[in-house]
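Numbered from 1 within each chain, the chains take letters A, B, ... in sequence-line order.
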Number of protein chains: 2
Amino acid sequence: MLKNMNFIEKLRETGLRPTKQRVKICEILFNRDKTFHFTINDLAKKISEELNEKISLATIYNTVHALKNKGYLKEISINSDKSYFDTNTSVHHHFYDEDTQQLIDCDENEIETVNVKKNITGKKINSVEVLVRVASNNHNQN
Amino acid sequence: MLKNMNFIEKLRETGLRPTKQRVKICEILFNRDKTFHFTINDLAKKISEELNEKISLATIYNTVHALKNKGYLKEISINSDKSYFDTNTSVHHHFYDEDTQQLIDCDENEIETVNVKKNITGKKINSVEVLVRVASNNHNQN
DNA sequence: TCAACAGTTTAGAATAATTATAATATATAA
DNA sequence: TTATATATTATAATTATTCTAAACTGTTGA
């Protein structure tokens, strides 16, 4: 998925026009070794730091949503006040460090398969994900 | 926890002044058999339906947060765009129906104990919760 | 190559959810 | 019952996100 390279082709393949802005954003998001967890705000900051030119906030929102809709990004809700995106789009689990408010990916094999016994009639399960909240001291654990 | 009754005493016990508004809100939230999942908006609507007098939105926010801080409510993040509260404050799991956007509680025994193998050094685990997303058809499963 | 069109970007306005403010009101302790 | 601390309220402010409409750009095909 969009790793290391030629984002122009990658974007085109999925029907997203490879505009200058989209390509730049892809470079920032996907030209890295490990998963990147970010908020729109983080991303906007990174863009203005690493790039010379500015990209409008509206475009950042649009692009992130376009990438999300094409399956290149995944949205994760932890806090009501922040929306995180994750470049790791597989079904996987997370640790959330309540001290630093950081998200940490958790490999499938680091949490034993979750056995769900309940069934909602007429519905099928789309995903089963675990959130492990950690902190160094006695925090309020909401 | 604040079930069935005398909310005046209950509130006082935890250092929350039992004002008229807080007692009313407690009655709406906790005078019920099953768990109540709601957004601030849901609650505001319910208040204006079931009560004659109005309670200001600011008060509703303040009260919900006060109740949350005292451990009477739990906040749950599913969508970035909605913040749910839950009158069931125990560590427990949820089903989320993506068709209806409804939260459904899941008893501890309906999901087998989750075995977390990973450790974050220097941190202790506060909670381990599972979110099972369900839908009737092939939905986008973000 | 280039014109035409559809899709995209942009600044700024609009909206929605939440929080802050400051005046008024209320609960509680003495 | 009075003084004081705390709560409520309407409204303003703030924040995150989405909308809008004009200007711009990528792509297609003549």
Novice: Nearest whole Å is fine: how far is dT18(C) P from Ile60(B) CD1?
Specialist: 12 Å
Novice: Side chains of Asn88(A) and Ser90(A): do they bring a donor and an acceptor to under 3.5 Å?
Specialist: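 On atom types as modelled, these side chains qualify, holding a pair under 3.5 Å.
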Novice: Hydrophobic cluster membership, with links at side-chain heavy-atom distances under 4.5 Å among I/L/V/M/F/W/Y: are Ile104(B) and Phe85(B) in one?
Specialist: no
Novice: Once the angle between the rings of Phe30(B) and Tyr72(B) is folded into 0 to 90°, is it parallel (under 30°), tilted (30 to 60°) or perpendicular (over 60°)?
Specialist: perpendicular
Novice: Could you state the atom-to-atom distance from OH of Tyr84(A) to C1' of dT17(D) in whole Å?
Specialist: 17 Å
Novice: List for me each residue that meets side chain to side chain donor-acceptor pair (under 3.5 Å) alongside Tyr84(A), sequence neighbours excluded, and say none if there are none.
Specialist: none
Novice: Step by step, work out the side-chain contact (heavy atoms from CB on, under 4.5 Å) result for Phe95(B) and Val116(A).
Specialist: CA-CA 10 Å; Phe95(B) 282 77; Val116(A) 179; 3.7 Å; yes
Novice: How close or far is atom C1' of dA17(C) from atom CZ of Phe38(B), stated in whole angstroms?
Specialist: 16 Å
Novice: Using side-chain contact (heavy atoms from CB on, under 4.5 Å), reason through Val128(B) and Leu131(A) one step at a time and then give a plain yes or no.
Specialist: CA-CA 6 Å; Val128(B) 178; Leu131(A) 179 64; over 6 Å; no
Novice: Starting from P on dA11(C), measure out to CG on Leu57(A) and report it in whole angstrom.
Specialist: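 One finds 10 Å between P of dA11(C) and CG of Leu57(A), rounded.
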Novice: With a 4.0 Å limit, can you tell me whether His65(A) has a side-chain N or O closer than that to the phosphate oxygens OP1/OP2 of dT17(D)?
Specialist: no
Novice: Could you state the atom-to-atom distance from NZ of Lys24(A) to C1' of dT25(D) in whole Å?
Specialist: 16 Å
Novice: Taking side chain to side chain donor-acceptor pair (under 3.5 Å) as the test, write out the residues that go with Glu27(B), two or more places apart.
Specialist: none
Novice: For Lys118(A), is there an ion pair with Asp107(B) - N to carboxylate O distance below 4.0 angstrom?
Specialist: no
Novice: Is Glu75(B) salt-bridged to Lys68(B), cutoff N-O under 4.0 Å?
Specialist: yes
Novice: From the list dA10(D), dA27(C), dT10(C), which nucleotide is the closest neighbour of the side chain of Ala58(A)?
Specialist: dT10(C)
Novice: Is Tyr61(B) near enough to dT18(C) that one of its side-chain N or O atoms lies under 4.0 angstrom from OP1 or OP2?
Specialist: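 Yes.
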Novice: Separation of Lys68(A) atom NZ from dT17(D) atom P, in whole Å?
Specialist: 11 Å
Novice: Nearest whole Å is fine: how far is dT9(D) C1' from Ile47(B) CD1?
Specialist: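 Rounded to whole Å, this separation is 14 Å.
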Novice: Do the side-chain N or O atoms of Arg12(B) get closer than 4.0 angstrom to the phosphate oxygens (OP1, OP2) of dT28(C)?
Specialist: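 Affirmative; the distance criterion is met.
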Novice: Mind grabbing the angle between the end helix axes of the helix from dT1(C)-dA30(D) to dA30(C)-dT1(D)? Five pairs an end, 10° rounding.
Specialist: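 Comparing the first five pairs with the last five, the axes sit 30° apart.
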Novice: In residues 54-64 of chain B, what donor-acceptor pairs under 3.5 Å come from side-chain atoms, sequence neighbours left out?
Specialist:
residue  : atom : partner  : partner atom : Å
Ser56(B) : OG   : Ala58(B) : N            : 3.1
Ser56(B) : OG   : Thr59(B) : N            : 3.4
Asn62(B) : ND2  : Ala58(B) : O            : 3.4
Thr63(B) : OG1  : Thr59(B) : O            : 2.8

Novice: Could you walk me through whether Asp105(A) and Leu103(A) pass side-chain contact (heavy atoms from CB on, under 4.5 Å), step by step?
Specialist: CA-CA 7 Å; Asp105(A) 267 7; Leu103(A) 256 189; over 6 Å; no
Novice: Are Ile76(A) and Ile111(A) connected, step by step, through hydrophobic side chains (Ile, Leu, Val, Met, Phe, Trp, Tyr) whose heavy atoms are closer than 4.5 Å?
Specialist: no
Novice: Give every pair of a protein N or O atom and an N or O atom of nucleotides 22-24 of chain C that lie under 3.5 Å apart, one pair per line with the distance.
Specialist:
none

Novice: Specify the separation, in whole Å, of atom CG of Asp42(A) and atom P of dT17(D).
Specialist: 11 Å
Novice: Can you pull every protein N or O that's under 3.5 Å from an N or O on nucleotides 2-8 of chain D?
Specialist:
residue : atom : partner  : partner atom : Å
dA5(D)  : N3   : Arg17(B) : NH2          : 3.4
dT6(D)  : O4'  : Arg17(B) : NH1          : 3.4
dT6(D)  : O4'  : Arg17(B) : NH2          : 3.2
dA7(D)  : OP1  : Arg22(B) : NH1          : 3.1
dA7(D)  : OP1  : Arg22(B) : NH2          : 3.2
dT8(D)  : OP1  : Thr19(B) : OG1          : 2.5
dT8(D)  : O3'  : Gln21(B) : NE2          : 2.7

